[in-house]
Amino acid sequence: MKIAIVTDSTANLTEEECKAWGISVVPLYLNLGSASYLDGVELSSEEFYKRMKDENTLPTTSQPSPGLFLETFERLLKTHDCVVAVLLSGKLSGTVHSAETARDLLCTERIHVIDSQVVEYALGALVLEMAKAVRLADEQGTVCDVQGLVERMAQIRAEMHMYIAMDSLENLRLGGRIGAAAALLGSMMQIKPVIWLSDGQVGVFEKVRTYKKAVDSIMSRMFEQMRNAGPCEIMLIHSVTDLDVVRRWVDTVKEALPEARVSYRMLAPIVGVHVGFGGLGAIYYARCEAQ
């Protein structure tokens, strides 16, 4: 069975990765001032962060329209037996609902919409693993069924961790997530939150004094959890302007976890809106032998 994999732009996959593994991406919208842009299509991550720095108001985001999913589904169904759309957590966005609306309009059972319960490269990693499983089955001439893909995704997700240290509370204040008084008090006391992904939602994992302690907390936890895990995938995600800082952390992680495959990339704009500048985090999970 020929299966097409679809995801959304919060997965933070590169154009090269999508082309290599045949992944289609439906973009969310980035709203800056009075203009809206398709994430990654009409506005790149680099351009977004430059614009966010210059904007007087905080950018906002919005889910893709059902029409964008409709166009993608119709195109892929012409050349595939079915479509599997793996999308960011339904607790964080209405993207899953938009995809379900498009599926219902087409009145077909050949489209499967999956709530990944994650976001950012946590979603991207799951999508890549599913695309690799589809490719492997195709090369081996074996059957790759949708239920098997979903079960594999759930297995990997259960072992996946995502933490981000924030350097500033300003974007949370501007976005109405915390009050001005709380933001002021937090800034005066140098409170730096570490946010994490749990049960499909992003919440505060802990609050520490100083940015360095926040980053150290994430790294210490990751080293402890992955030290005896064997081969593992680690993606450092960031919104910092000095890449040397990120590269030094990459070297530190590689030294501490020599069996890990370590890389880094800029935070997806959809997440960067809330984290702001100076964010540094990690998404990691153990690699299964079957991979």
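When a residue number appears, it is its place in the shown sequence, counting from 1.
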Go through it in stages, so that I can follow the logic: the residues are D244 and R248, the test is salt bridge (charged side-chain N to carboxylate O under 4.0 Å, His left out), and I'd like the CA-CA distance, side-chain angles, deciding distance and then a yes or no. CA-CA 6 Å; D244 286 339; R248 285 196 294 271; 5.2 Å; no

Search all heavy atoms of [X] against all heavy atoms of [Y] and return the closest pair with its distance.
{"X": "A286", "Y": "M226", "result": "N-SD, 4.3 Å"}
{"X": "S24", "Y": "T72", "result": "CB-CG2, 4.2 Å"}
{"X": "V273", "Y": "M52", "result": "CA-SD, 4.2 Å"}
{"X": "R110", "Y": "L77", "result": "NH2-O, 2.9 Å"}
{"X": "L88", "Y": "V96", "result": "O-CG2, 3.6 Å"}
{"X": "A282", "Y": "I218", "result": "CB-CG2, 4.2 Å"}

Is the [atom1] atom of [X] crowded by more than 12 outside heavy atoms at less than 6.0 Å?
{"X": "K91", "atom1": "NZ", "result": "yes"}
{"X": "E15", "atom1": "CD", "result": "no"}
{"X": "E109", "atom1": "CD", "result": "no"}
{"X": "E74", "atom1": "CD", "result": "yes"}

side-chain contact (heavy atoms from CB on, under 4.5 Å) partner of S116, the single match among L123, V150, L87, V127: L123

I need the [X] [atom1] to [Y] [atom2] distance, nearest 0.5 Å.
{"X": "L267", "Y": "I164", "atom1": "CG", "atom2": "CD1", "value": "5.0 Å"}
{"X": "I111", "Y": "H80", "atom1": "CD1", "atom2": "NE2", "value": "13.0 Å"}
{"X": "Y211", "Y": "M166", "atom1": "OH", "atom2": "CE", "value": "10.5 Å"}
{"X": "K2", "Y": "C144", "atom1": "NZ", "atom2": "SG", "value": "13.5 Å"}
{"X": "I23", "Y": "L13", "atom1": "CD1", "atom2": "CG", "value": "5.5 Å"}
{"X": "L236", "Y": "T252", "atom1": "CG", "atom2": "OG1", "value": "9.5 Å"}

Test item: [X] side-chain N/O and [Y] main-chain N/O as donor-acceptor pair under 3.5 Å:
{"X": "N12", "Y": "M266", "value": "yes"}
{"X": "T101", "Y": "H97", "value": "yes"}
{"X": "Y49", "Y": "T241", "value": "no"}
{"X": "E129", "Y": "M153", "value": "no"}
{"X": "K192", "Y": "T210", "value": "no"}

Can [Y] be reached from [X] by stepping across I, L, V, M, F, W or Y side chains whose heavy atoms are under 4.5 Å apart?
{"X": "V86", "Y": "L149", "result": "yes"}
{"X": "V146", "Y": "V134", "result": "yes"}
{"X": "I237", "Y": "L28", "result": "yes"}
{"X": "V119", "Y": "I5", "result": "yes"}
{"X": "V202", "Y": "I270", "result": "yes"}

Assign the ring pair F73 / F69 to parallel, tilted or perpendicular, where the plane angle (0 to 90°) is split at 30° and 60°. tilted

Student check: side-chain heavy atoms of [X] and [Y] closer than 4.5 Å:
{"X": "L257", "Y": "F223", "result": "yes"}
{"X": "L243", "Y": "H238", "result": "yes"}
{"X": "P269", "Y": "L43", "result": "no"}
{"X": "L128", "Y": "E17", "result": "yes"}
{"X": "E100", "Y": "D115", "result": "no"}
{"X": "Y29", "Y": "S65", "result": "yes"}

Does the side chain of [X] pick up a donor-acceptor pair with the side chain of [Y] at under 3.5 Å?
{"X": "Q147", "Y": "E151", "value": "yes"}
{"X": "Y121", "Y": "R265", "value": "no"}
{"X": "Q225", "Y": "Y284", "value": "yes"}
{"X": "Y264", "Y": "R247", "value": "yes"}

Steps toward side-chain contact (heavy atoms from CB on, under 4.5 Å) verdict (T10, L92): CA-CA 11 Å; T10 67; L92 301 176; over 6 Å; no

Please test V118 against M162 for side-chain contact (heavy atoms from CB on, under 4.5 Å), starting from the C-alpha separation and ending with a verdict. CA-CA 9 Å; V118 295; M162 173 179 165; over 6 Å; no

Evaluate side-chain contact (heavy atoms from CB on, under 4.5 Å) for R152 paired with Q155, printing each intermediate quantity in order. CA-CA 5 Å; R152 178 154 185 78; Q155 176 189 12; 3.7 Å; yes

